[in-house]
**Q** 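Below are the structure tokens for one structure; questions will follow.
The analysis underlying the following values was restricted to heavy atoms, covering all of them including side chains, and did not include hydrogens, waters or symmetry mates. Along the sequence shown, residues are numbered consecutively beginning with 1.
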Amino acid sequence: STTTGALRVTGGVGIGGALHTGADACINGARVGIGPAGSRNTVLGVSAGAALSASSADNVFIGNLVGDQITDGIRNVGIGSNALGAAGTTTRGNVAIGTNAAPATTANWNVAIGEQALQSNVSGAQSVAIGLNAMQDSTGAGLSVAIGTDALAAAPTGSLNTALGYNALRFGTSQSNAVAIGSYAGLHNRANDTVAVGSEALDINTLGTANVAVGRSALGAATTAAAT
């Protein structure tokens with residue numbers, strides 16, 4: 001049979017074949033379909049993709065409030081409550097998976113995987129943050145890679161940083177061109193052009209630039225010495 005207009009049913013409904021709808025469906029308040037407008041979008045969740053315009057395309061938003069303020073964005077993927085939730089209206093190419101992953105970004109081509117990864121990011125572009133709180137406080141840092149719980153978590157700015165490991169570069173603030181590989185490597189580092197490889201390597205360095213530390217606890221006592 002064919003029904004024109006809204007169909008509201010109280011109780012259960014059994015369907016023995018395909019269910020075709022001419023518009024998005026709403027199930028327990030969650031939108032299921034392609035969003036209000038655009039091309040090749042997929043949305044599932046309360047207010048997911050709620051503002052998508054005719055210019056939007058190829059977005060996937062799954063979860064409560066996912067991508068709900070994006071209008072003209074293209075090729076974004078948001079999965080998890082509030083992922084890309086307050087992202088810029090024209091963002092493109094972002095991947096955010098996890099509760100509150102990259103919820104405020106207006107930048108493009110970021111990857112945030114993990115609860116609160118890139119949570120504060122606004123303008124930083126082309127970064128990869130994987131793990132709980134990875135790059136959490138970054139607002140404008142870009143072109144960086146942080147993999148591990150709390151990796152590069154506190155730096156609001158800075159670029160071209162690489163932090164791999166639990167708490168790697170955890171308390172850095174605005175450093176650039178820093179590399180830290182290993183748990184607690186470069187933990188407090190705020191200096192530029194440093195390399196720390198190994199657990200706790202260069203972990204209390206704050207301002208010493210151009211240092212290279214390789215091995216467990218290497219240069220662990222250095223705080224401001226440079227070029228060592």
Side-chain angles (χ1 to χ4, degrees), residues 3-15 18-142 153 156:
T3 300
T4 302
L7 173 63
R8 293 180 174 85
V9 179
T10 301
V13 176
I15 300 174
L19 174 64
H20 299 277
T21 65
D24 289 0
C26 182
I27 301 174
N28 278 346
R31 186 176 198 138
V32 181
I34 62 172
S39 303
R40 302 177 301 278
N41 296 309
T42 301
V43 301
L44 170 59
V46 176
S47 296
L52 289 173
S53 73
S55 299
S56 67
D58 302 307
N59 297 291
V60 177
F61 297 145
I62 300 175
N64 182 50
L65 299 174
V66 174
D68 66 321
Q69 295 187 32
I70 295 176
T71 56
D72 300 337
I74 60 174
R75 295 190 290 275
N76 295 293
V77 176
I79 300 174
S81 182
N82 203 42
L84 295 176
T89 57
T90 60
T91 54
R92 62 185 297 170
N94 292 296
V95 176
I97 300 175
T99 298
N100 291 323
T105 187
T106 61
N108 302 325
W109 305 300
N110 289 298
V111 175
I113 300 175
E115 184 176 349
Q116 298 177 163
L118 280 174
Q119 184 179 25
S120 301
N121 183 65
V122 176
S123 59
Q126 300 183 60
S127 287
V128 175
I130 300 175
L132 173 65
N133 298 332
M135 293 187 72
Q136 179 183 19
D137 293 337
S138 167
T139 56

**Q** Where do A101 and A96 come nearest, in terms of heavy atoms and distance?
**A**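 In this case the closest contact between A101 and A96 is O-CB, 3.5 Å.
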**Q** Are the side chains of T105 and L84 in contact, using a 4.5 Å heavy-atom criterion?
**A**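 L84 vs T105: side chains touch.
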**Q** Kindly give the heavy-atom pair with the smallest separation between G98 and A83, and that separation in Å.
**A**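 Looks like O-CB, 3.7 Å.
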**Q** Working to the nearest 0.5 Å, report the span between CG of L132 and CD of Q136.
**A**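 The CD atom of Q136 is 7.5 Å from CG of L132, to the nearest 0.5 Å.
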**Q** Only one of I34, V43, D68 passes side-chain contact (heavy atoms from CB on, under 4.5 Å) with L52; say which it is.
**A**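 By the side-chain contact (heavy atoms from CB on, under 4.5 Å) criterion, L52 pairs with just one of I34, V43, D68: V43.
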**Q** Which pair of heavy atoms, one from N76 and one from T91, lies closest together, and at what distance?
**A**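 In this case the closest contact between N76 and T91 is ND2-O, 2.8 Å.
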**Q** Testing the basics here: between P36 and D24, what is the closest heavy-atom pair and its distance to 0.1 Å?
**A**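 Where P36 meets D24 most closely, the heavy atoms are N-OD2, 4.4 Å.
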**Q** About how many Å separate OG of S56 and CD1 of I74, when rounded to the nearest 0.5 Å?
**A**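 So the CD1 of I74 and the OG of S56 are separated by 9.5 Å.
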**Q** Strictly distance-based, threshold 3.5 Å: is any side-chain N or O of N110 a donor or acceptor partner for the main-chain N or O of N94?
**A**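 Flag not set: sc N110 to bb N94 has no pair under 3.5 Å.
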**Q** Would you say that P103 contacts Q119 through its side chain, given a criterion of any heavy-atom pair below 4.5 Å between the two side chains?
**A**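 Yes, close enough: below the 4.5 Å cut-off.
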**Q** Grab the two heavy atoms, one from A141 and one from S127, that are nearest each other, plus how far apart they are.
**A**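 Residues A141 and S127, closest heavy atoms: O-OG, 3.8 Å.
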**Q** Taking atom CG of L118 and atom CD of Q116, what is their separation to the nearest 0.5 Å?
**A**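 CD of Q116 is found 11.5 Å from CG of L118.
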**Q** Please name the pair of heavy atoms, one in N108 and one in R92, separated by the smallest distance, quoted to 0.1 Å.
**A**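 Result for this residue pair: OD1-N, 3.0 Å.
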**Q** Between CD1 of I62 and CG of L44, what distance do you get to the nearest 0.5 Å?
**A**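 Between I62 CD1 and L44 CG, I get 6.0 Å after rounding to 0.5 Å.
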**Q** Does the side chain to side chain contact (heavy atoms under 4.5 Å, CB included) test come out yes or no for N82 and T99, once each step is laid out?
**A** CA-CA 6 Å; N82 203 42; T99 298; 5.6 Å; no
**Q** What I want to check is whether the side chains of D72 and T90 have a donor and an acceptor closer together than 3.5 Å.
**A**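 No, T90 and D72 have no side-chain donor paired with an acceptor closer than 3.5 Å.
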**Q** Checking the side chain of S53 only, and the main-chain atoms of T71 only, is there a donor and an acceptor separated by less than 3.5 Å?
**A**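 Flag set: sc S53 to bb T71 pair under 3.5 Å.
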